[in-house]
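Only one structure is covered here, and it is reproduced in the block below.
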2 protein chains.
Amino acid sequence: MTMDIKIVDVASRAGVSPATVSRVLNNTANVNAKTKEKVMEVIRELGYLPNAAAKNLRSQKTMTIGVIVPEINNSYYAEIIKGIENKAYAQKYKVIICDTGNNKEKELDFLNLLINRTVDSMILVTPQLSEEELARIVDMNYSIGIVGRYVGNGKVPCVFTDNVKFSKEVVRHLVEQGHKEIVFLSGYADAIDSFERLEGYMKALREHHLPFLPELIENGDFNERGGYEAMKRLLDKKVSFSAVYAANDEMALGVYKACREFNIAIPGQIAVVGVDNDRISRYITPKLSTVSQPKIRMGRAIVDKILHQLEHDSLKEEDRVLVLESELIVRESSDIRL
Amino acid sequence: MTMDIKIVDVASRAGVSPATVSRVLNNTANVNAKTKEKVMEVIRELGYLPNAAAKNLRSQKTMTIGVIVPEINNSYYAEIIKGIENKAYAQKYKVIICDTGNNKEKELDFLNLLINRTVDSMILVTPQLSEEELARIVDMNYSIGIVGRYVGNGKVPCVFTDNVKFSKEVVRHLVEQGHKEIVFLSGYADAIDSFERLEGYMKALREHHLPFLPELIENGDFNERGGYEAMKRLLDKKVSFSAVYAANDEMALGVYKACREFNIAIPGQIAVVGVDNDRISRYITPKLSTVSQPKIRMGRAIVDKILHQLEHDSLKEEDRVLVLESELIVRESSDIRL
DNA sequence: ATGAAAGCGCTAACAT
DNA sequence: ATGTTAGCGCTTTCAT
């Protein structure tokens with residue numbers, strides 16, 4: 001145990017009361033310039049820092065934000081966290097990270113940090129919780145922000161990109177390249193991203209007067225292995241197709257693997273497009289076409305909204321939801337001219 | 001503001017004293033089975049969770065560990081964090097992340113979370129701080145753990161891999177492949193990793209009776225661009241060499257880029273080996289030889305040591321430092337037979 | 001402009 | 001086995 005110095009130590013040494021020290025520390029009332037100077041000096045001398053727990057208890061704030069993500073060590077989430085941490089630091093907030101490993105139990109468990117006041121607010125990145133579950137918490141007046149999907153609740157700020165819109169763009173690009181039979185590789189079925197990307201895919205087909213063929217839909221659970229196996233299933237089924245739109249880059253990597261194994265040329269025989277603009281997409285051969293999302297900005301934006309709401313106790317509806325632009329990046333894997 | 005429920009609410013509703021509620025909550029003394037049951041029931045009914053700040057203040061613990069890393073969104077650090085978070089969660093600890101962006105000021109600032117008791121312990125991953133600076137903090141009895149480098153201070157647990165050892169392995173492998181003029185691409189000069197990897201390189205040269213040529217040493221600041229530019233400088237200098245040992249995969253990626261630009265075949269004309277086993281190394285063409293480090297295990301291990309020390313207030317010297325095995329992974333970029 | 005004192009919600013020492 | 005009470009270190013009325 002350290003013999004920490006407390007506010008009374010500073011006070012007595014400076015010849016003032018604890019209240020005055022608190023005042024200069026927090027700029028919370030007028031303090032005579034001379035005494036202020038003296039107090040500051042003693043604080044420096046003693047290297048005093050206010051005990052966080054006492055401060056939190058008394059002020060009912062922790063200056064801490066929690067972030068719940070499915071996997072910290074996935075570059076997509078790591079970038080979002082980066083944005084959150086950087087913005088939070090600039091506003092003097094700390095960040096507690098919670099890695100659920102895609103486990104909903106853990107997600108719920110971490111939410112307790114909000115209830116027991118360990119954090120002032122919780123950011124959920126592509127959460128598994130339903131709108132109702134979210135509503136229950138928000139209605140108890142706890143602060144929550146969402147990254148990666150739209151939420152209807154008027155008290156919940158959310159930041160995301162328009163899955164439907166960029167999915168349509170991907171399909172349009174593929175159609176322009178001459179493809180008519182396009183596979184859609186979905187992530188796990190209950191993820192909102194899977195659903196919306198599929199929706200965009202279907203809408204685009206209709207717009208281009210292409211038939212929707214259910215046998216061209218496969219699920220790859222958002223991971224490489226899933227993509228690999230889905231691709232093998234497609235090959236087994238002997239359905240005819242010339243392009244694959246994978247709902248993320250991970251699965252596209254799996255498609256690459258299967259193609260390598262079966263000697264299928266990309267993009268010569270099969271074009272491939274992914275989503276996320278994972279770093280690997282630029283380095284793999286052939287370079288993978290993908291959709292880039294402004295991950296760091298998403299992180300920064302949600303912090304902005306949450307803190308605004310925390311401080312002003314309100315958020316106009318038009319400020320509540322932010323949909324950021326994503327961008328289709330065409331690379332070798334879907335460009336026959338290359 | 002929510003009307004939170006407090007321990008007194010639970011107590012009165014259960015017809016007992018706050019002390020008893022605290023006892024069943026913390027299993028800190030014998031409580032009659034019947035009353036215990038009753039208290040638990042009320043707790044569930046009310047959805048009571050103990051206020052964290054009050055608990056922290058009273059118990060002088062926060063059950064929180066801070067982690068300071070140079071860049072969260074770098075897979076090497078993200079993996080270490082993953083290991084830390086998972087182990088911490090299993091022990092009921094939370095994790096606050098601090099991203100310094102390689103800024104020493106920020107590193108020092110984050111250490112204040114230790115002093116002001118926001119966290120019980122702080123893990124520094126490849127810190128920029130000197131041993132003396134660390135010692136100053138540790139001598140005030142604050143708990144610190146280090147990942148990624150050895151520290152002499154007997155009170156500081158540390159976990160790392162043996163840079164010298166694997167560097168020698170890398171050079172030996174290259175020599176066995178017939179290389180005699182091997183470039184060493186260093187990271188920024190003040191990083192301990194740069195220094196030790198260089199040391200291993202030099203020792204290996206001596207062991208294999210190869211001359212040490214200063215013109216074969218270049219600095220690439222641990223990033224891709226630095227590697228690219230270092231490689232161009234080497235090419236400009238017109239020195240002769242047939243292999244490059246880059247102190248991390250990032251720089252190796254830069255070497256790849258330069259070689260592509262100048263039409264140099266890897267490994268035909270120049271062999272390349274990196275360090276870190278970044279995911280990209282398996283996907284790039286040609287596949288990059290590299291050194292794999294057990295990142296997640298490093299994270300888990302340091303948490304183990306720190307918590308042991310926190311609870312037992314001591315750590316035997318033989319338990320204090322852990323050097324984990326790394327492994328040279330030979331892939332296409334340094335194997336002429338492939 | 002400054003000080004005295006109450007109290008944030010919990011745990012632990014002491015009493016019963 | 002259980003209750004009473006002091007106090008963790010701070011902020012914030014309320015006085016002066």
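These numbers come from the heavy atoms of this one structure, side chains and all, not from hydrogens, waters or symmetry mates. Lettering of chains follows the sequences in order, A, B, ..., and the numbering in each one begins at 1. Everything numeric here is computed off the predicted structure, so don't read it as measured data.
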**Asked** Angle, rounded to 10°, between the helical axes spanning five pairs at each terminus of the helix from dA1(C)-dT16(D) to dT16(C)-dA1(D)?
**Response**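 Between the axes fitted at each end of the helix from dA1(C)-dT16(D) to dT16(C)-dA1(D) lies an angle of 40°.
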
**Asked** First and last nucleotide of DNA chain D in contact with chain A, 5' to 3', at under 4.0 Å to a heavy atom: what are they?
**Response**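 Here the contact window of chain A covers dG9(D) to dT13(D).
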
**Asked** More than 12 non-hydrogen atoms from neighbouring residues, nucleotides or ligands closer than 6.0 Å to NZ on K104(B), yes or no?
**Response**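 It does: K104(B) NZ has more than 12 such atoms within range.
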
**Asked** Got more than 12 heavy atoms from elsewhere within 6.0 Å of CE, M63(A)?
**Response**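 Correct, the count exceeds 12.
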
In whole angstrom, what separates [X]'s [atom1] from [N]'s [atom2]?
| X | N | atom1 | atom2 | value |
| --- | --- | --- | --- | --- |
| N27(B) | dT11(C) | CG | P | 12 Å |
| N116(A) | dT11(C) | CG | P | 12 Å |
| N26(B) | dG9(C) | CG | C1' | 13 Å |
| I7(A) | dG3(C) | CD1 | P | 12 Å |
| D4(B) | dC10(C) | CG | P | 9 Å |
| L57(B) | dG7(C) | CG | P | 17 Å |

**Prompt:** side-chain contact (heavy atoms from CB on, under 4.5 Å) between N73(A) and S75(B): does it pass, once the steps are laid out?
**Reply:** CA-CA 7 Å; N73(A) 59 330; S75(B) 70; over 6 Å; no

**Asked** Looking at Y76(B), is K295(B) sitting on its ring face, NZ or CZ under 6.0 Å from the six-membered ring centre and within 45 degrees of the normal?
**Response**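 Negative - K295(B) is either too far from the ring of Y76(B) or too far off its axis.
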
**Asked** OP1 or OP2 of dA1(C) less than 4.0 angstrom from a side-chain nitrogen or oxygen of N30(A), does that happen here?
**Response**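 So the side-chain polar atoms of N30(A) do come within 4.0 Å of the phosphate oxygens OP1 or OP2 of dA1(C), strictly under.
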
**Asked** At under 4.0 Å, does any side-chain N or O of K55(B) touch on OP1 or OP2 of dT11(C)?
**Response**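 Answer yes for this pair, as a side-chain N or O of K55(B) is under 4.0 Å from OP1 or OP2.
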
**Prompt:** What does N56(A) touch in the nucleic acid at a heavy-atom separation under 4.0 angstrom: a base, only the sugar-phosphate, or nothing?
**Reply:**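 Result for N56(A) = nothing.
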
**Asked** What does T20(B) touch in the nucleic acid at a heavy-atom separation under 4.0 angstrom: a base, only the sugar-phosphate, or nothing?
**Response**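 If one applies the 4.0 Å heavy-atom cut-off, T20(B) turns out to touch the sugar-phosphate alone, with no base involved.
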
**Message:** Please give me the minimum heavy-atom distance between P157(B) and I306(B), naming the atom from each residue.
**Reply:**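 It is CG-CG1, 4.3 Å.
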
Measure from the side-chain heavy atoms of [X] and tell me the nearest of [options].
| X | options | answer |
| --- | --- | --- |
| N32(A) | dA1(C), dC8(C), dC10(C) | dA1(C) |
| R23(A) | dA13(C), dC8(C), dG3(C) | dG3(C) |
| R58(A) | dG7(C), dG9(C), dA12(C) | dG7(C) |

Just by distance, no angles: are the side chains of [X] and [Y] close enough, under 3.5 Å, to form a donor-acceptor pair?
| X | Y | answer |
| --- | --- | --- |
| Y89(B) | D109(A) | yes |
| T62(B) | D120(B) | yes |
| Q293(A) | T161(A) | yes |
| S121(A) | Y93(A) | no |

**Asked** What is the ring orientation for F222(A) with Y188(A), classed by angle as parallel under 30°, tilted 30 to 60°, or perpendicular over 60°?
**Response**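 It falls in the perpendicular class, over 60°.
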
**Item:** Nearest-nucleotide comparison on DNA chain C, the residue closer to the 5′ end among Y48(B) and K36(A)
**Value:**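 That would be K36(A).
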
**Request:** Take A19(A) and A54(B), find for each the nucleotide of DNA chain C with the closest heavy atom, and name the residue whose nucleotide sits nearer the 5' end.
**Result:**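 Whichever sits nearer the 5' end wins; that is A19(A).
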
**Prompt:** Quick one: on DNA chain D, does V8(A) or T35(B) contact a more 5' nucleotide (nearest heavy atom)?
**Reply:**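 Counting from the 5' end, the first nearest nucleotide belongs to T35(B).
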
